[in-house]
Amino acid sequence: MDQRDLGDDIEEILVTETQIKHRLTELAADIDRDYEGKDLLVVGVLKGAVMVMADLARALHSHVRMDWMAVSSYGSGTKSSGVVRILKDLDTDLKDQHVLIVEDIIDSGLTLSWLLSNLKSRGAASVEICTMLRKPEALKVDIDVRYVGFDVPNKFVVGYGLDYAEKYRNVPFVATLAPHVYS
């Protein structure tokens with residue numbers, strides 16, 4: 001899928017496919033270095049992190065184990081509801097594990113703050129965060145994020161796993177969605 005396939009649904013491309021690939025290579029190098037000699041469990045947050053998780057895992061030069069968790073605070077709207085629901089829990093026991101949460105985007109930070117606390121309470125040796133995108137202006141809670149791909153403006157964005165009403169996830173770049181699509 002490319003921009004021509006989207007008609008006038010896209011307002012502005014914020015992060016290109018090339019920029020994403022380059023940044024993931026850099027993040028993978030940092031993760032390989034930081035977890036050298038450690039057994040790392042990478043936890044992808046469904047559904048949005050599927051693209052990030054797959055591409056990050058392929059860029060790593062060390063073995064990692066993977067698991068998935070689905071939590072939601074959005075529904076089909078464009079703003080976080082603040083109420084977190086577990087839709088799919090982990091299959092892995094986290095006791096004494098080094099865990100890296102992989103996210104597509106950090107918006108308000110409310111969901112991720114809850115998730116971080118939840119995973120730490122399960123006895124993990126360490127829990128860190130890697131996100132492709134972060135909206136600094138939208139943060140409502142202070143979260144220490146070890147690996148950040150890109151900071152983006154506080155606008156509704158789609159692509160590279162991010163959706164609106166389950167569409168646009170397979171767009172290979174990150175863009176703002178034209179208001180006429182969701183208003």
Side-chain angles (χ1 to χ4, degrees), residues 1-2 13-74 86-94 96-109 111-120 122 124-136 138-139 143-152 157-164 166 168-175:
M1 177 168 272
D2 62 32
I13 295 176
L14 299 176
V15 186
T16 67
E17 183 176 8
T18 301
Q19 289 172 309
I20 290 169
K21 288 179 181 177
H22 177 74
R23 186 67 182 124
L24 277 171
T25 300
E26 293 175 337
L27 291 171
D30 291 343
I31 292 165
D32 280 332
R33 182 194 66 241
D34 293 347
Y35 288 95
E36 185 175 355
K38 295 179 182 171
D39 188 23
L40 180 61
L41 173 66
V42 183
V43 174
V45 181
L46 294 170
K47 297 179 187 172
V50 168
M51 304 296 187
V52 181
M53 181 87 152
D55 290 344
L56 178 65
R58 284 190 292 260
L60 290 167
H61 292 281
S62 53
H63 293 288
V64 294
R65 292 174 300 118
M66 292 191 256
D67 202 345
W68 297 93
M69 188 168 192
V71 295
S72 177
S73 66
Y74 279 89
I86 295 178
L87 305 176
K88 186 232 176 274
D89 207 344
L90 297 171
D91 297 324
T92 308
D93 180 7
L94 299 186
D96 300 325
Q97 300 294 310
H98 294 283
V99 178
L100 179 64
I101 300 169
V102 176
E103 266 283 24
D104 53 353
I105 191 166
I106 300 173
D107 198 330
S108 69
T111 301
L112 190 56
S113 176
W114 179 89
L115 182 59
L116 191 59
S117 175
N118 181 287
L119 297 186
K120 284 180 178 177
R122 298 182 191 196
S126 68
V127 181
E128 298 291 346
I129 301 164
C130 176
T131 187
M132 178 51 59
L133 304 170
R134 176 178 60 186
K135 293 181 181 178
L139 288 172
I143 298 176
D144 183 26
V145 182
R146 189 162 186 173
Y147 309 100
V148 177
F150 301 94
D151 284 332
V152 294
V157 295
V158 295
Y160 199 65
L162 297 157
D163 76 300
Y164 172 69
E166 294 300 324
Y168 308 101
R169 287 191 195 278
N170 62 326
V171 172
F173 50 82
V174 175

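Keep in mind that what you see is a predicted model, and the values were worked out from it rather than measured.
- Closest approach of Ala28 to Leu60, counting heavy atoms only: O-CD2, 3.5 Å.
- Using a 4.0 Å cut-off between charged nitrogen and carboxylate oxygen, Arg65 and Asp39 count as a salt-bridge pair.
- Taking 4.5 Å as the limit, some side-chain heavy atom of Ile105 sits within range of a side-chain heavy atom of Leu162.
- Side-chain contact between Met66 and Met53: present, with at least one pair of heavy atoms (C-beta onward) separated by less than 4.5 Å.
- In this structure, CG on Leu112 lies 11.0 Å from OG on Ser117, to the nearest 0.5 angstrom.
- Between Val64 and Leu41 the shortest side-chain heavy-atom distance does not fall below 4.5 Å.
- Looking only at side-chain heavy atoms (C-beta outward), Leu133 and Ile106 stay at 4.5 Å or farther from each other.
- In this structure, Val71 and Leu87 have side chains that are not in contact, with every pair of non-hydrogen atoms separated by 4.5 Å or more.
- Contact check for Ile129 versus Asp144: no side-chain heavy atoms found under the 4.5 Å cut-off.
- Ring orientation note: the planes of Tyr35 and Tyr147 are tilted relative to one another, at an angle of 30° to 60°.
- Considering NZ of Lys88 and CG of Leu46, their distance stands at 7.5 Å, rounded to 0.5 Å.
- Side-chain atoms of Asp96 never come within 3.5 Å of backbone atoms of Ala125 as a donor-acceptor pair (strictly under, hydrogens ignored).
- Residue Asn118 holds its CG atom at 8.5 Å from CG of Leu90, rounded to the nearest 0.5 Å.
- The closest side-chain donor-acceptor pair between Tyr160 and Asn170, if any, does not fall under 3.5 angstrom.
- By the side chain to side chain contact (heavy atoms under 4.5 Å, CB included) test, Thr16 is found to be paired with Ile13, Thr18, Gln19, residues two or more places apart in sequence or in another chain being considered.
- The side chain to side chain contact (heavy atoms under 4.5 Å, CB included) test applied to Pro136 returns Arg134, Asp151, not counting sequence neighbours.
- Remark: side-chain polar atoms of Asp32 are paired, donor with acceptor, to backbone N or O of His61 under 3.5 angstrom.
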| request: Let me see the working for Cys130 and Leu27 under side-chain contact (heavy atoms from CB on, under 4.5 Å), right down to the final yes or no. | output: CA-CA 8 Å; Cys130 176; Leu27 291 171; 4.3 Å; yes
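- Of the possible polar contacts, one joining the Asp67 side chain to the Thr92 backbone as a donor-acceptor pair under 3.5 Å is found.
- Taking 4.5 Å as the limit, some side-chain heavy atom of Val99 sits within range of a side-chain heavy atom of Leu94.
- Interatomic distance, CG of Leu100 versus NZ of Lys38, reported as 12.0 Å (0.5 Å rounding).
- Put simply, CG on Asp55 and CG on Leu24 are 6.0 Å apart, with the number rounded to the nearest 0.5 Å.
- The heavy-atom pair separating Val127 from Leu116 by the smallest distance is CG1-CD1, 3.4 Å.
- Under a 4.0 Å N-O distance rule, the pair Arg122/Asp89 qualifies as a salt bridge.
- The side-chain heavy atoms of Asp91 and Trp68, taken from C-beta on, include no pair separated by under 4.5 Å.
- When atom types are taken as modelled, the side chain of Arg146 and the backbone of Ile31 share no donor-acceptor pair closer than 3.5 angstrom.
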| Between Ile20 and Val174, does a side-chain contact (heavy atoms from CB on, under 4.5 Å) hold up when you go through it step by step? | CA-CA 9 Å; Ile20 290 169; Val174 175; 4.1 Å; yes
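- Under 4.0 Å is where a charged nitrogen must lie from a carboxylate oxygen, and between Asp104 and Lys47 no such pair does.
- In this structure, the side chain of Lys120 does not engage the main chain of Ser126 through any donor-acceptor pair within 3.5 Å.
- Checked against Val102 for a side-chain contact (heavy atoms from CB on, under 4.5 Å), the options Val43, Val50, Val52 give a single hit: Val52.
- Not counting sequence neighbours, Glu128 has no partner by the side chain to side chain donor-acceptor pair (under 3.5 Å) test.
- A salt bridge does not link Glu36 with Arg33: none of the charged nitrogens is closer than 4.0 Å to a carboxylate oxygen.
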